[in-house]
There are 2 protein chains.
Amino acid sequence: MYEIFFRKFNDRVGLTREEEELIKQFLTPKKLRKKQYLLQEGDVCKHVAFVEKGALKAYTVDEGGTEHIVQFALEGWTISDLYSFLTGEPATYNIDALEDAELVLISKSAHEELLQQFPKYETYIRLQITGAYIALQKRLTSIISQPLEERYSNFLALYPNIAQRVPQHMIASYMGLTPETLSRVRSRISARK
Amino acid sequence: MYEIFFRKFNDRVGLTREEEELIKQFLTPKKLRKKQYLLQEGDVCKHVAFVEKGALKAYTVDEGGTEHIVQFALEGWTISDLYSFLTGEPATYNIDALEDAELVLISKSAHEELLQQFPKYETYIRLQITGAYIALQKRLTSIISQPLEERYSNFLALYPNIAQRVPQHMIASYMGLTPETLSRVRSRISARK
DNA sequence: AAAAGGCATTGATTTATGTCAATGAAAATG
DNA sequence: CATTTTCATTGACATAAATCAATGCCTTTT
């Protein structure tokens with residue numbers, strides 16, 4: 001239980017067995033069936049979720065009912081509406097499962113206690129959020145500066161596992177495109193080779 | 001000296017006078033003239049810069065010579081090529097001054113020592129990067145889900161000070177648009193009112 | 001004060017992307 | 001196993017954005 005979570009944690013900051021046991025006290029396991037919500041827009045986000053197994057997506061829905069995918073999360077990734085989690089404001093994102101999933105949940109109170117009692121947790125969180133920030137900045141840079149074909153090729157190179165497990169229309173949504181446009185980008189790429 | 005830096009620091013984690021003096025040992029002031037580089041693509045980013053005065057931009061330049069602005073930084077903001085700073089890899093961004101500027105620099109070694117010796121610095125950094133992450137996520141969500149007019153209106157509402165001080169073609173660049181398109185977006189908005 | 005450069009706007013045109021609709025294949029469901 | 005659904009692709013067309021070019025207005029420089 002919590003294997004991947006502690007592997008990641010250990011990669012970032014070394015832990016003794018005892019420390020691991022201490023941290024486990026603050027974690028809650030949760031299973032999610034495909035299509036089940038972890039969070040709905042308007043609710044307050046009560047947890048940060050670490051994915052042990054399966055796949056989730058975070059997204060908004062516009063007035064026309066179209067989904068816009070903000071983030072995917074596979075094994076080893078963390079997903080949440082961080083703004084809502086930290087401020088207690090209603091969430092602006094929905095989060096649900098693309099596949100049956102097993103999660104490790106950290107509640108707000110667990111998060112706060114760990115931060116106070118356990119310096120290594122703060123370091124873990126700092127490194128975690130720093131990595132997420134850098135990844136997001138790269139994604140944004142790609143959007144504003146690269147042509148579509150390169151953006152998509154980059155995506156494939158960076159996240160081959162997402163490309164394999166997630167339907168293409170969701171990747172289109174993640175890229176801010178319609179499914180038809182992504183399909184045409186793909187055919188242009190394969191024509192060029 | 002360092003007034004805004006310590007005001008921000010104090011807002012996030014309280015500091016005594018002594019702690020402030022201790023941290024000051026690790027900081028370096030730097031002035032930059034308008035158009036002067038803080039960082040050039042290809043060089044390793046040696047510092048994180050906090051803006052005490054003036055304005056900077058971080059950007060990439062594509063094959064055609066067009067600038068794509070990744071970030072602005074006014075007083076109270078922090079700017080860097082964080083990936084390059086943390087890994088020692090060559091920077092992918094350029095950073096230069098839009099106006100004469102006064103900066104507070106934190107070198108890699110200062111950063112590492114502060115992290116080790118001074119838990120409040122780690123907390124400061126964690127809160128700093130968390131805020132930056134949330135802001136970036138909102139920007140990205142806006143790009144993939146909102147029509148241009150709303151994106152621009154949001155930008156104006158969120159950063160009126162940037163809109164005032166920065167030429168519009170740079171805001172267009174920041175939004176991933178041509179200056180002509182932004183101009184037309186603006187005229188459509190004012191026509192609607 | 002004159003000249004030069006940077007800047008925002010507008011128009012005409014091209015190119016890229018979105019929309020609507022249809023099809024066939026594949027996957028999920030009962 | 002049959003029947004729905006979901007999905008990716010393709011075509012025709014509409015809309016949006018980029019490009020190219022010109023203009024006038026500031027601001028900076030000389």
Side-chain angles (χ1 to χ4, degrees), chain A residues 32-36 54-55 57 59 61-69 72 96-101 142-153 155-156 162-193, chain B residues 33-36 54-55 57 59 61-69 72 96-100 142-153 155-156 162-193:
Chain A
L32 227 56
R33 295 263 181 75
K34 184 172 176 171
K35 298 200 178 177
Q36 200 180 336
K57 66 179 196 290
Y59 59 98
V61 179
D62 67 24
E63 326 77 53
T66 307
E67 288 188 6
H68 301 277
I69 296 177
F72 293 111
D96 64 21
L98 294 170
E99 306 170 0
D100 291 355
S142 175
I143 290 179
I144 64 172
S145 68
Q146 292 185 320
L148 272 190
E149 281 135 13
E150 287 179 39
R151 274 175 67 197
Y152 181 66
S153 300
F155 174 83
L156 289 184
I162 295 181
Q164 279 175 347
R165 284 163 66 175
V166 167
Q168 268 153 29
H169 72 272
M170 291 188 187
I171 293 167
S173 167
Y174 178 86
M175 295 180 67
L177 305 175
T178 60
E180 294 93 335
T181 296
L182 181 57
S183 172
R184 283 169 183 132
V185 168
R186 284 161 50 81
S187 74
R188 270 183 272 157
I189 290 175
S190 52
R192 284 227 238 103
K193 297 200 182 176
Chain B
R33 295 263 180 76
K34 185 173 175 171
K35 297 199 178 179
Q36 201 180 335
K57 66 179 197 290
Y59 59 99
V61 179
D62 66 24
E63 324 78 51
T66 307
E67 287 188 7
H68 300 276
I69 296 178
F72 293 111
D96 64 21
L98 294 171
E99 306 170 0
D100 292 355
S142 175
I143 290 179
I144 63 171
S145 68
Q146 290 186 322
L148 272 190
E149 281 137 16
E150 287 180 39
R151 274 175 65 196
Y152 181 65
S153 300
F155 175 83
L156 290 183
I162 295 181
Q164 278 176 347
R165 285 163 67 176
V166 167
Q168 268 152 30
H169 72 273
M170 291 188 188
I171 293 167
S173 167
Y174 178 87
M175 294 180 68
L177 305 175
T178 61
E180 294 94 332
T181 297
L182 181 58
S183 173
R184 285 171 181 129
V185 168
R186 282 161 50 80
S187 75
R188 269 183 273 156
I189 290 175
S190 52
R192 284 225 236 104
K193 298 197 184 178

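Basis for what follows: all heavy atoms, side chains included, without hydrogens, waters or symmetry-related copies. Every chain is numbered from 1 and lettered A, B, ... according to where its sequence line falls, protein lines coming before strand lines.
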**OP:** Could you tell me whether the phosphate oxygens of D:dA17, OP1 or OP2, come under 4.0 Å of any side-chain nitrogen or oxygen in B:R188?
**Re:** yes
Original post:
Hey, does A:V166 have a side-chain heavy atom less than 4.5 Å from the side chain of A:I69?
Top reply: no
**OP:** Give the rounded distance in Å between these two atoms: CD of B:Q168 and P of C:dT10.
**Re:** 11 Å
Subject >> Length of the CD-C1' vector between A:E67 and D:dT6, whole Å >> reply: 14 Å
Original post:
Where do B:A172 and B:L182 come nearest, in terms of heavy atoms and distance?
Top reply: N-CD2, 3.6 Å
Original post:
Taking atom C1' of D:dA18 as reference, at what distance in whole Å does atom CE of B:M175 sit?
Top reply: 15 Å
Subject >> For A:F72, all residues meeting ring pair (Phe, Tyr, Trp, His ring centres under 6.0 Å), sequence neighbours excluded >> reply: A:Y174
Subject >> Rounded to 10 degrees, the angle between the two terminal axes of the helix from C:dG6-D:dC25 to C:dG30-D:dC1, each from five pairs >> reply: 50°
Original post:
What does B:L148 touch in the nucleic acid at a heavy-atom separation under 4.0 angstrom: a base, only the sugar-phosphate, or nothing?
Top reply: sugar-phosphate
Original post:
If you round to the nearest 0.5 Å, how far is CD1 of B:I162 from CG of B:L98?
Top reply: 9.5 Å
Original post:
Rounded to the Å, how far apart are A:D100 CG and C:dA28 C1'?
Top reply: 13 Å
Original post:
How many Å lie between CD on B:E149 and P on D:dA16, as a whole number?
Top reply: 9 Å
Original post:
Just how far is it from atom NZ of A:K34 to atom CG of A:D100, taken to the nearest 0.5 Å?
Top reply: 8.0 Å
Original post:
Is any side-chain heavy atom of B:D96 less than 4.5 Å from a side-chain heavy atom of B:K35?
Top reply: no
**OP:** Describe the nucleic acid contact of B:G64 in one word from base, sugar-phosphate, nothing, applying a heavy-atom distance below 4.0 Å.
**Re:** nothing
Got a list of protein N/O to nucleotides 10-14 of chain D N/O distances below 3.5 Å?
from   : atom 1 : to     : atom 2 : distance (Å)
D:dG11 : N7     : A:R184 : NH2    : 2.6
D:dG11 : O6     : A:R184 : NH2    : 3.1
D:dA12 : N6     : A:R184 : NH2    : 3.4

**OP:** I would like to know whether B:R184 and B:T181 meet side-chain contact (heavy atoms from CB on, under 4.5 Å); could you show each step before the answer?
**Re:** CA-CA 5 Å; B:R184 285 171 181 129; B:T181 297; 5.5 Å; no
Original post:
Below 4.0 angstrom from OP1 or OP2 of C:dG18, is there any side-chain N or O of A:T178?
Top reply: yes
Original post:
Does B:L182 or A:M170 map to a spot on DNA chain D nearer the 5' end, using the closest nucleotide for each?
Top reply: A:M170
**OP:** To the nearest Å, give me how far apart CD (A:Q164) and C1' (D:dA8) are.
**Re:** 17 Å
Original post:
How long is the line joining CD1 of B:I171 and C1' of C:dC7, in whole Å?
Top reply: 13 Å
Original post:
C:dA8 phosphate, OP1 or OP2: any side-chain N/O from B:H169 under 4.0 angstrom?
Top reply: yes
Original post:
Is A:R165 atom CZ crowded by more than 12 heavy atoms from other residues, nucleotides or ligands, each under 6.0 Å away?
Top reply: yes
Subject >> Rounded distance [0.5 Å steps], CE in B:M175 versus CD1 in B:I143 >> reply: 8.0 Å
